[in-house]
Visitor: 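My questions will all concern the structure given below.
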Protein chains: 2
Amino acid sequence: MKSEIEIFREFIRKKGLRNTPERETIIEEIFASHDHFDVDELYLRLKSKKKKISKPSIYRLIPYLLESGLIQEAYFEDGHLHYEHIYGHEHHCHLRCLNCGKIIEFEEKYLKKVENRLAEKYDFLVKGHKFEVLGYCPKCKAHI
Amino acid sequence: MKSEIEIFREFIRKKGLRNTPERETIIEEIFASHDHFDVDELYLRLKSKKKKISKPSIYRLIPYLLESGLIQEAYFEDGHLHYEHIYGHEHHCHLRCLNCGKIIEFEEKYLKKVENRLAEKYDFLVKGHKFEVLGYCPKCKAHI
DNA sequence: GTTTCTATTGTAAATGAAATTCATTTCTGC
DNA sequence: GCAGAAATGAATTTCATTTACAATAGAAAC
Ligand SMILES: [Mn+2]
Ligand SMILES: [Mn+2]
Ligand SMILES: [Zn+2]
Ligand SMILES: [Zn+2]
């Protein structure tokens, strides 16, 4: 299986664009962890490792990572978007704590059937779904 | 069944807050239509009806409408939040066109069972869920 | 290797949604 | 009416994201 960076290099070449050390650095940092991420947090992680990457470079890269199928938008929280890896990851849903943001991932195969039923019923070309269950985690529910 | 405005008056009184003509005007406008809405669109609707309500008054009212159970966040699209009525509405999910924003609402009773299973398995206090199916509507899928 | 073309970069400025400040107004209970 | 507290609108601020622009640097052609 190809690595994320190989997928990206191929994608960027096919589009007739250019790869750069900055892009490789950002991608390396994103995929060094398996966690969800947001732009600011990623920027600070790079900064703390003395990698001088500007925020616009991150913002400009994200649409390409989305288009190449390496990441997707996971959820909108605290006023900004959070992303997650998808290349090489099984599709999954999120159980999210409304207080502390804790995320638990789970599978729910039935939803694929719902997609198919809707596609037929409403003549939609269905591309996917997002299923989020919201609530309070064990720690937080005690204090609310 | 109580009207939305009655629910709101009761809520605001119980909190020891005050109702105002501005709030009544905003609430009247929100519930005059059954559609989803966002702040800017609501502001413009009020403006076009010569109702001089400031945007901050709308932004300040929304947390109370959420807290009182009259509305909820529906989805994040085009850089801002969209809301929907919930008081007197059956819970439902959304099929959304990624191109034109068209929304189709549908029911999926099975998801309540998923909630219960997760609550037990992960010791969460579950408050609800969001299930969005994304794709392209009949009109848009022809042009993509 | 050099040239040439143009995508990418970082800095700075601009946007736009949402929140906040503050002086003024308006409720509400006494 | 009066006092105290809450709400208002205009203006300002904040913060995420985007854009402008001049300098830089891939990469393809020579
Ligand atoms: Mn995830
Ligand atoms: Mn709806
Ligand atoms: Zn929590
Ligand atoms: Zn459409």
Side-chain angles (χ1 to χ4, degrees), chain A residues 5 8-30 36-47 49-68 71-83 101, chain B residues 5 8-30 36-47 49-68 71-83 101:
Chain A
I5 197 69
F8 181 74
R9 286 175 188 145
E10 200 169 303
F11 168 83
I12 220 71
R13 188 175 46 74
K14 275 192 189 145
K15 286 213 98 179
L17 300 174
R18 295 174 191 164
N19 199 4
T20 65
E22 288 83 358
R23 289 177 171 177
E24 298 248 342
T25 301
I26 297 167
I27 291 169
E28 188 183 348
E29 184 59 39
I30 288 174
H36 298 175
F37 66 95
D38 61 67
V39 169
D40 198 59
E41 174 218 312
L42 178 61
Y43 172 73
L44 294 174
R45 257 159 66 193
L46 288 162
K47 199 174 178 179
K49 294 183 181 173
K50 311 293 175 200
K51 308 284 175 63
K52 281 181 193 141
I53 308 285
S54 70
K55 276 194 194 180
S57 288
I58 299 175
Y59 277 111
R60 282 183 287 228
L61 179 59
I62 281 179
Y64 294 139
L65 296 177
L66 292 168
E67 193 183 342
S68 63
I71 68 168
Q72 70 181 356
E73 294 178 2
Y75 49 91
F76 181 77
E77 190 186 50
D78 296 331
H80 56 268
L81 278 165
H82 296 244
Y83 301 89
Chain B
I5 197 69
F8 181 75
R9 286 174 186 146
E10 201 169 303
F11 167 83
I12 220 72
R13 188 174 47 73
K14 276 191 188 145
K15 286 213 98 178
L17 300 174
R18 295 173 191 164
N19 198 6
T20 66
E22 287 83 0
R23 289 177 173 178
E24 297 248 342
T25 302
I26 297 167
I27 291 170
E28 190 183 347
E29 184 59 38
I30 288 174
H36 299 175
F37 66 95
D38 61 67
V39 169
D40 198 59
E41 174 219 310
L42 179 60
Y43 172 73
L44 293 175
R45 256 159 67 191
L46 288 162
K47 199 174 179 181
K49 295 183 180 172
K50 311 292 176 201
K51 308 284 176 62
K52 281 183 194 140
I53 308 285
S54 69
K55 277 194 194 179
S57 288
I58 299 175
Y59 278 114
R60 281 184 285 230
L61 179 59
I62 281 179
Y64 294 140
L65 297 178
L66 292 168
E67 193 183 340
S68 64
I71 68 168
Q72 71 182 356
E73 293 177 4
Y75 49 91
F76 181 78
E77 190 186 49
D78 296 331
H80 56 269
L81 279 165
H82 296 243
Y83 300 88

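Proteins get letters first, then strands, A, B, ... in listed order; numbering begins at 1 in each. Predicted, not measured: the structure shown is a model, and the values here were computed from it.
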Visitor: What is the separation between atom CD1 on B/Ile12 and atom P on C/dT28, rounded to the nearest whole Å?
Guide: 11 Å
Visitor: Pick the closest DNA chain C nucleotide for B/Glu22 and for A/Lys55 by heavy atoms, then say which residue is nearer the 5' end.
Guide: A/Lys55
Visitor: So which one's nearest nucleotide on DNA chain D is more toward 5', A/Tyr59 or B/Leu17?
Guide: B/Leu17
Visitor: In Å, rounded to the nearest 0.5 Å, how long is the span from CG of B/Asp38 to NE2 of B/His80?
Guide: 3.5 Å
Visitor: Any chance you could measure A/Glu41, atom CD, to A/His36, atom NE2, to the nearest 0.5 Å?
Guide: 11.0 Å
Visitor: On a heavy-atom basis, which atom in A/Glu77 and which in A/His82 lie closest, and how many Å separate them?
Guide: O-NE2, 3.3 Å
Visitor: Tell me what A/Arg23 touches on the nucleic acid: a base, only sugar-phosphate, or nothing, going by heavy atoms under 4.0 Å.
Guide: sugar-phosphate
Visitor: Kindly compute the distance separating CZ (A/Phe8) from CD (A/Glu24), expressed to the nearest 0.5 Å.
Guide: 8.0 Å
Visitor: Give the rounded distance in Å between these two atoms: CD of B/Glu73 and C1' of C/dA17.
Guide: 13 Å
Visitor: Nearest 0.5 Å, what's the CG-OG distance between B/Leu46 and B/Ser57?
Guide: 10.5 Å
Visitor: A/Glu77 CD to C/dA18 C1': how many Å, rounded?
Guide: 17 Å
Visitor: Could you check which of D/dT19, D/dA10, C/dC27 has an atom nearest any side-chain atom of B/Pro56?
Guide: D/dA10
Visitor: Side chain of A/Tyr64: nearest nucleotide among C/dT8, C/dG10, D/dA10?
Guide: C/dT8
Visitor: Both A/Asn19 and B/Asp40 contact DNA chain C. Which one's nearest nucleotide lies toward the 5' end?
Guide: A/Asn19
Visitor: Have a look at B/Pro63 and say if it touches a base, only the backbone sugar-phosphate, or nothing, with a 4.0 Å heavy-atom cut-off.
Guide: nothing
Visitor: Would you kindly give the CG-to-C1' distance between B/Leu81 and D/dC15, to the nearest whole Å?
Guide: 15 Å
Visitor: Calculate the interatomic distance between A/Leu46 atom CG and C/dG10 atom P; express it in whole Å.
Guide: 11 Å
Visitor: Measure from NZ on A/Lys15 to C1' on D/dG26 and round the result to the nearest Å.
Guide: 18 Å
Visitor: Which of the following nucleotides, C/dT8, C/dA19, D/dT17, is nearest to the side chain of A/Thr20?
Guide: C/dT8
Visitor: Measure distances between side-chain N and O atoms of B/Arg18 and base N and O atoms of D/dA5, and say whether any donor-acceptor pair falls under 3.5 Å.
Guide: yes
Visitor: Expressed in angstrom and rounded to an integer, what is the separation of A/Glu24 atom CD from C/dA7 atom C1'?
Guide: 16 Å
Visitor: For A/His80 and C/dG16, give me the distance from atom NE2 to atom C1', rounded to whole Å.
Guide: 17 Å
